[in-house]
Amino acid sequence: MRGKWLLASGAAILLGAAVGAVTLLWKDRAGALDRPDAALPGEFEEISLTGTVRAQHVIGLAAPIEGTLFNVMVAPGEEVHEGQLLAQIRNTALEAELKAAGEEVRRLEDRLKNLESAFLAARLEASRANADLSRAQSEFLQAEKAALRQQLLYREGATPRRVYEAAQADYKVKEEEYEIRRKAAQAAEEHVSAVLAETETVRKALQEAKERMELAGSDLLATDVVSPANGILTALSARAGEEVHPEAGDLFQIAVDLTRMEVLVEPEPPLRERIRPGQRASVHVADAPGEVFQGSVRQVGQEGVVVEFSSPAPVVRPGQTAHVRIRLT
């Protein structure tokens, strides 16, 4: 009888130990389920982080010229289109140069018109002077011939003295007139040459002034800052009224190809040490409820961890908040 009691007592003890072990096992399993990001036996461990969505491909747009930014037409977060006017830059030095070049062009154009008229008048005067010279030369040659003939006749005593003297006097008159006409024609031709030379000088100066005006105009056209592509404006480094410079870095940043996105998260150092490029991740964006985007860790660096993913959803945009779960391996 005593043996039976001993057997019964031993069985009870074994049963109690078994129940206690099962109870402890269920408590450990329940505790594991209650801890976030804890892995069950045979499962991968995941960590959950929050970060900011940004585009993988961003175009930087520097100020095309130095000047003052004004008339900014877009703000970060807005959609932009290729060729769209984003802002304008005012450069007072270029505006003054364009104005001065324009005034110089107008002055030279007026001067050129006057010179062209003067050239036509000079050519006409030279033509008349040459015609008068030709007539005077013809009369001079005839008078010279007549004077020589009368001189020979007078030496021979074949012509009266008064006829001889009259011929000599006419020759002198025609010679003086010819010399006057020759000098006048020469002066007229020199005037034509001078007007022509000045015309060419003014024409060259006008061309140079036009080139300066066109250059200043093209530089002023550069004050219109236009978008080089379709996308979303993500950053603007200056405000209206501030000075900008081409070497000051990006004035605008435009996110393009919005199907390729990424999230920057900043885990604590102990967690960062466990994250490696290539680890799988899932991304949930608050502005796209019900959507879970699959991605992977692209980069682990000082700035944080970059998780890349594809987003066909047009509601996902740079700057939005995203929750990322990274599967640790």
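With sequence neighbours left out, the ring pair (Phe, Tyr, Trp, His ring centres under 6.0 Å) criterion links Phe140 to Tyr171, Tyr178. With sequence neighbours left out, Glu176 forms a salt bridge (charged side-chain N to carboxylate O under 4.0 Å, His left out) with no residue at all. Looking at residues two or more places apart in sequence or on another chain, you find a salt bridge (charged side-chain N to carboxylate O under 4.0 Å, His left out) between Arg135 and Glu139, Glu177. With sequence neighbours left out, the ring pair (Phe, Tyr, Trp, His ring centres under 6.0 Å) criterion links Phe252 to no other residue. Every residue two or more places apart in sequence or in another chain that forms a salt bridge (charged side-chain N to carboxylate O under 4.0 Å, His left out) with Glu198 is listed here: Arg111.
At distances below 3.5 Å, not a single donor-acceptor pair connects side-chain atoms of Ser138 with backbone N or O atoms of Ser134. In this structure, His284 contributes its side chain and Val324 its backbone to no donor-acceptor pair below 3.5 Å.
Using a cut-off of 4.0 Å between Lys/Arg side-chain N and Asp/Glu carboxylate O, Glu104 and Arg107 are scored as salt-bridged. Ion pairing between a basic and an acidic side chain is recognised when a charged N comes within 4.0 Å of a carboxylate O; Arg203 and Glu116 show such pairing.
A salt bridge (Lys or Arg N to Asp or Glu O under 4.0 Å) check over residues 142-162, counting only residues at least two apart or in different chains, returns the pairs Arg161-Glu165. The list of salt bridge (Lys or Arg N to Asp or Glu O under 4.0 Å) pairs with a residue in residues 73-87, not counting sequence neighbours, reads Glu79-Arg317. Note on residues 227-237: no pairs pass side chain to side chain donor-acceptor pair (under 3.5 Å), not counting sequence neighbours. Among pairs with a residue in residues 264-281, those fulfilling salt bridge (Lys or Arg N to Asp or Glu O under 4.0 Å) read Glu45-Arg274, at least two apart in sequence or across chains. Within the structure, every pair that satisfies the salt bridge (Lys or Arg N to Asp or Glu O under 4.0 Å) test and touches residues 292-309, not counting sequence neighbours, is listed here: Arg54-Glu303, Glu262-Arg298, Arg298-Glu308.
Membership of the apolar cluster around Leu264 extends to Val306, as traced through chained side-chain contacts below 4.5 Å between ILVMFWY residues. With side-chain heavy atoms closer than 4.5 Å counting as contact, directly or through intermediates, the hydrophobic cluster containing Met73 also holds Leu85, Val226.
No continuous path of ILVMFWY side-chain contacts below 4.5 Å connects Val58 to Val263, so the two sit in separate hydrophobic clusters.
Within 6.0 Å of CD in Glu247 there are 12 or fewer heavy atoms belonging to other residues, nucleotides or ligands.
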